[in-house]
Amino acid sequence: MAENKDLTKEIEQSHVDNVIHVIEKKLTRMEEKTGTLKQDIVSLRKTFWEDVTVNLDEPDDVIETHTSIRQQSELLSERERSHRQLYKQWNNLTRLKSSPFFGRIDFKEDGEERTEKIYIGLFSLMDEQDEEFLVYDWRAPISSMYYDYAPGPAKYETMDGFIHGEMELKRQYIIRDGKIKVLFDTGVTIGDEMLQEVLSDQADTQMKSIVATIQREQNEIIRNDEKKYLIVQGSAGSGKTSAALQRVAYLLYRYRKKLRADNILLFSPNPMFNSYVANVLPELGEENMQQSTFFQYLLHRLDDDFIVEDPNTQIEYMLSTNRDAIFSVRKAGILYKASIAFKQMIDQYVLYLNDEGMQFKNITFRKEKFINKEEIEQYFYSLDRSISIPNRIIIVKDWLLLKLKEKEQEERPKEWVEEERELLEREDYLKVYKKLQKEQRFTDDTFNDFDREEKLLAEWIVRKRIKPLRRKIESLAFIDLPTIYRNIFAWALQSDFPNLPDCWQEIGEETGNELKNRQLNYEDATPFLYIKDKLEGKHIYSGIRHLFIDEAQDYSPFQFAYIKEIFPNSKMTILGDINQSIYSHSTNNESGLAKSDSLFPLEEQKKIVLTKSYRSTKQIVEFSEMILTDRPSIEPFNRNGSKPMVAKVNNVPHLNEKIVEQVRKLQSEGKETIAIICKTAKETLAAYQELSKQLPMHLIQKETHSYEKGLLIIPSYLAKGIEFDAVIIYNGSSDVYHEEDERKLFYTACTRAMHSLTLFYIGEKSPFLQKVDTSKYEEVSFA
């Protein structure tokens, strides 16, 4: 048996060598061609103007010059496009040279006599004559059988329908530096041997491609194109994000003629996560899609009008043990403002504003009011009520600009203009002269005319001073949005709006106080933008054809409803885990993900549930899932390790001492990424100031955009979506983690660990550990 395996490996290695030989020949030819193209580009850039006919004497000559420049530019652009394409192919071939393929299936199509050997790799590779495939791209339709079927009857879909046949063999390889390290035949799933090899690796600072180990359920996510909304609920470590990124690569491959990377947007949980996943698509030979956080989108839309609280500051406040008098009011406000009920309230309020209640700002120039807000309101409501509010606002804007033009003419002869003109420096005077000359407003002779000169300078001075006001009117800054938003709370009370929180008046007062200080709480940012769009007109992002939302359990129902409105034509892939809901608005199954059935039409959504966890060892998965009250059905991948350790210490200095010992032990075992996870940023900073005296470590804060291998210390909520070789829960005491709202946060922190999990506590351990079977962890007391 061993002899047969050795012979198979020898035959397959010979095939690998032949494929690499073809790759090397193609690379050599490509390098020659790339070099020639590069020389062409350099030469074209150097001689660009030599080959262009420039003549601006006559109109016909100007047209000829423009045509000449355009032709030369197009030639240069074409050469640069070809060079980029060749460089991309060269990069792909270089990657294939180290590991040409990772899978093989032998497939006999129904009605055919010959069995075809299909080798599957990161990219397609043709033979030297470009006639036959030596390697198929993992995204090609025929490659789908590798992920979906065991040997036996199989099929794959083409544009003309399904191709049926018999899969006679399914083989997997681990090839490094052109040499077969491991090969084995397997069934429907990617073999445990291969997954063991990959999952036993150390955690990295960047997510890796998983194309060689894609599981059948992950392949369903990657290739699914049935519905507008693909909703993936997956347990911690189930490969949701990895599958989503391979899905981006698949979509770019399948729809390469009509879909570009900039047509795809990923809303990720934080900037550090963007860095963590940044390498996956380039590794697969694709450009990265657009990446942002939802909060960055909110900031972009709200400009500099407010100081907007970020979600990390909100969660830090909610996790704080020093709770002020308005804590319960703020919490009730967060919950209600996240709901669809609040969106429906705003919709009703906008109907009311159609007839009355709109608020505007006085328009002033040089500290003098020249159009008061009552006058604007009167004009707005004088317009036909059948015209939508956004369209009426446009009419008001045009009316105000006309008034501004009249004001501009009124101001020119005034004394302040003459004073400014007399104070003009010579440099300013020349600047005005050149600007007016450029605008062809006069000849040298007319400018020398004193009266004409004064008039033109006055015109320029007034226009310059009035320009900021014109911009404000054009940007609709005359609408008093803060007052309109603030008034909704009193209106709801007067209207007897149903099911309001008991402290609704206090919520309104707290919101109003923030708005008066030009501050906007995070829970108000989306509703505020929603009402802004209702009054000013929607901002639709038609260029985004596919939206990916990761950590979807952190989005409120209101946020999802709003996202649907601003991306109406986008398909969406929504990924999350309701057991990792860590924000106040998403606990108790109130997240948008938990309510997806009511938010997205059932006939337009496809739901996939992932229950198998690949990140953590079996022992860590079994321990972590017992923290949850609603225990999910999580199937751990069969990878064993040591039990989590729960250790008691005397006090904070003793805690720090024992953590230093544990870190050094983990480092001696070869753990490369170790995370000390604290509950809050405040606790993280205090622990860092003590522990960093003895251990070099990276402090991760909300401003951190990437991290390096080694030891780091991080707040619990920033660790979402990232994995580490070893995790140390800094202080799992009952006085730190005890509120029921914090249970899922505690669970999320524990599930970041791949190979080792340690929890320290002082006094009493967290009640979240009380119902964890003691056989699932090692209890240690240093007290």
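Reckoned from all heavy atoms, side chains included, excluding hydrogens, waters and symmetry mates.
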Please check if the side chain of [X] supplies one atom and the backbone of [Y] the other of a donor-acceptor pair under 3.5 Å.
X: S235; Y: S238; answer: no
X: Q290; Y: D262; answer: yes
X: D127; Y: F133; answer: no
X: K240; Y: G234; answer: yes
X: Q89; Y: L27; answer: no
X: R104; Y: K117; answer: no

- request: Answer yes or no: is there a side-chain heavy-atom contact under 4.5 Å between S596 and I574?
  value: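 Heavy-atom side-chain distance check fails, nothing below 4.5 Å.
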
query: Would you call L252 and I264 a side-chain contact if the rule is heavy atoms closer than 4.5 Å?
result: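 Counting from C-beta outward, L252 and I264 do come under 4.5 Å.
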
query: Out of F107, F162, Y149, which one pairs with Y156 under the side chain to side chain contact (heavy atoms under 4.5 Å, CB included) rule?
result: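 The side chain to side chain contact (heavy atoms under 4.5 Å, CB included) with Y156 is passed solely by F107 among F107, F162, Y149.
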
field: Name of the residue among K607, K571, R247, H546 meeting side chain to side chain contact (heavy atoms under 4.5 Å, CB included) with L230
entry: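 Passing option: R247.
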
Between [X] and [Y] (salt bridge meaning N to carboxylate O under 4.0 Å), is one present in this structure?
X: K538; Y: E565; value: yes
X: E157; Y: R223; value: no
X: D130; Y: K26; value: yes

- request: List the steps, then state whether salt bridge (charged side-chain N to carboxylate O under 4.0 Å, His left out) holds for K606 with E220.
  value: CA-CA 11 Å; K606 167 76 175 177; E220 187 182 2; 3.5 Å; yes

- request: In sequence, state the C-alpha distance, the side-chain angles, and the governing distance for K612 and E217, and then conclude on salt bridge (charged side-chain N to carboxylate O under 4.0 Å, His left out).
  value: CA-CA 10 Å; K612 194 163 187 176; E217 64 273 19; over 6 Å; no

query: Taking it one step at a time, do T115 and D106 satisfy side-chain hydrogen bond (donor to acceptor under 3.5 Å, both in side chains)?
result: CA-CA 6 Å; T115 298; D106 291 0; over 6 Å; no

task: Report the residue from N270, D550, D554 that forms a side chain to side chain donor-acceptor pair (under 3.5 Å) with K720.
output: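 Result for side chain to side chain donor-acceptor pair (under 3.5 Å) with K720: D554.
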
Residue pair [X] / [Y]: nearest heavy atoms and the distance that separates them:
X: M754; Y: I620; result: O-CD1, 3.9 Å
X: A236; Y: Y747; result: CB-OH, 4.0 Å
X: A244; Y: F548; result: O-CE2, 3.5 Å
X: P100; Y: I20; result: CG-CG1, 3.9 Å
X: Q553; Y: S581; result: CB-OG, 3.5 Å
X: A719; Y: F724; result: CB-CE1, 4.4 Å

- prompt: Is the Y229 ring parallel, tilted or perpendicular to the F600 ring (thresholds 30°, 60°)?
  reply: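 Geometry flag for F600 against Y229: tilted rings.
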
query: Under 6.0 Å between the ring centres of Y541 and Y297?
result: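 Yes, ring centres under 6.0 Å apart.
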
task: Run the ring-centre check on H15 versus Y173 and record whether the distance is less than 6.0 Å.
output: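 Here the rings of Y173 and H15 have centres that are no less than 6.0 Å from each other.
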
